[in-house]
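First comes the structure, then the notes that go with it.
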Amino acid sequence: MQSPVFFGEFELLLDSKNRLLVPVEVRRRVSQEHGNEAFFLVAGSQNRVPWLFPERYYEFLATQGRQSLLPDPNATAFYRMAFGMASLQTVDSIGRVLIPARTVDKTLIKDEKDLTLVGVWDHLELWPRQAWNNERERLLRAALESRPAPGLVTE
């Protein structure tokens with residue numbers, strides 16, 4: 001299965017019932033093959049922001065990795081994070097998904113209503129707006145520091 005491609009930033013609000021409206025532009029990128037009726041919501045193990053994967057694409061990824069009956073301890077810890085703390089959230093009739101309270105409480109979006117949904121190739125990340133603004137600036141600074149601007153001569 002080919003991955004969906006997610007890109008862009010979408011400023012959103014988490015409503016009082018912890019529901020989030022998935023932008024139409026994002027929903028259009030998810031085909032029926034990927035599972036456009038629901039998203040797997042995973043507490044992001046790398047950056048403590050929730051990650052969203054289309055249902056069938058997540059299941060496809062999950063079936064690709066297991067190499068052994070007894071995986072090493074690092075793999076087991078990853079499986080606990082990726083599957084034990086995941087939840088399947090259906091998209092309602094107007095395009096909203098529920099972000100369960102336990103996910104909100106265990107991630108950076110705790111106590112946040114102003115969020116940014118960020119497309120990151122094959123998944124979406126849900127950031128507190130100010131944290132995403134800070135991360136975006138950090139990424140831009142790092143990119144500028146790693147190479148000179150076109151046409152600039154450095155010695």
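In this chain, numbering begins with 1 at the start of the sequence shown. In this text the structure is predicted, and so the values were computed from the model without any measurement.
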Quiz item: Roughly how far apart are L61 CG and H123 NE2, rounded to 0.5 Å?
Solution: 11.0 Å

Quiz prompt | Contacts of type side chain to side chain donor-acceptor pair (under 3.5 Å), residue E112, not counting sequence neighbours | solution = none

Quiz item: According to the salt bridge (Lys or Arg N to Asp or Glu O under 4.0 Å) rule, which pairs have a member within residues 17-42, sequence neighbours left out?
Solution: D15-R19, E37-R56

Self-check item: Least distance between heavy atoms, P128 atom then L108 atom
Solution: CG-O, 3.1 Å

Quiz item: Can you list the residues that meet the side chain to side chain donor-acceptor pair (under 3.5 Å) rule with D122, with sequence neighbours excluded?
Solution: Y57

Exercise. Find out if a path of hydrophobic residues (ILVMFWY) with successive side-chain heavy-atom gaps under 4.5 Å connects F39 to L21.
Key: no

Self-check item: side-chain contact (heavy atoms from CB on, under 4.5 Å) partners for L13, two or more places apart
Solution: D114

Quiz prompt | Between CD1 on residue I109 and OG1 on residue T116, distance to nearest 0.5 Å | solution = 11.5 Å

Exercise. Consider only side-chain N and O atoms of E137 and N133, and report whether a donor and an acceptor are under 3.5 Å apart.
Key: no

Self-check item: Any residue meeting side-chain contact (heavy atoms from CB on, under 4.5 Å) with N18, in chain and number order, not counting sequence neighbours
Solution: L14, L98, A101, V104, K113

Quiz item: Which residues satisfy the side chain to side chain donor-acceptor pair (under 3.5 Å) test with R141, sequence neighbours excluded?
Solution: none

Quiz item: Which residues satisfy the ring pair (Phe, Tyr, Trp, His ring centres under 6.0 Å) test with H34, sequence neighbours excluded?
Solution: none

Quiz item: Out of curiosity, does V22 fall in the hydrophobic cluster containing W51 (side-chain heavy atoms, cut-off under 4.5 Å, transitive links)?
Solution: no

Exercise. Could you work out the complete set of other residues in the hydrophobic cluster of L140, with links drawn between I, L, V, M, F, W and Y side chains under 4.5 Å apart?
Key: none

Exercise. Answer yes if V42 and V120 sit in the same cluster of Ile, Leu, Val, Met, Phe, Trp and Tyr residues linked by side chain heavy atoms under 4.5 Å apart, and no otherwise.
Key: yes

Hey, can you pull the donor-acceptor pairs under 3.5 Å for the side chains in residues 5-12, sequence neighbours left out?
residue, atom, partner, partner atom, Å
E9, OE2, W132, NE1, 2.3
E9, OE2, R136, NE, 2.7
E9, OE2, R136, NH2, 3.1

Quiz item: If you round to the nearest 0.5 Å, how far is CG of L115 from CD of E125?
Solution: 13.0 Å

Quiz item: Are any of the side-chain heavy atoms of V49 and T107 separated by less than 4.5 Å?
Solution: no

Exercise. Look at the side-chain heavy atoms of Ile, Leu, Val, Met, Phe, Trp and Tyr, link any pair under 4.5 Å apart, and say whether V30 and L41 land in one connected group.
Key: yes

Exercise. Consider only side-chain heavy atoms of I, L, V, M, F, W and Y, link residues closer than 4.5 Å, and tell whether V97 and L124 are in one cluster.
Key: yes

Practice problem: Applying side chain to side chain donor-acceptor pair (under 3.5 Å), name anything that partners Y58, two or more places apart in sequence or on another chain. | Solution: none

Self-check item: CG-CG distance between L126 and L52, expressed to the nearest 0.5 angstrom
Solution: 6.5 Å

Exercise. Tell me, please, which residues at least two apart from K110 pass side-chain contact (heavy atoms from CB on, under 4.5 Å).
Key: D105

Exercise. Sorted by first residue and then second, give each salt bridge (Lys or Arg N to Asp or Glu O under 4.0 Å) pair with at least one member in residues 70-96; sequence neighbours left out.
Key: D92-R96

Quiz item: Roughly how far, to the nearest 0.5 Å, is OG of S31 from CE of M1?
Solution: 7.0 Å

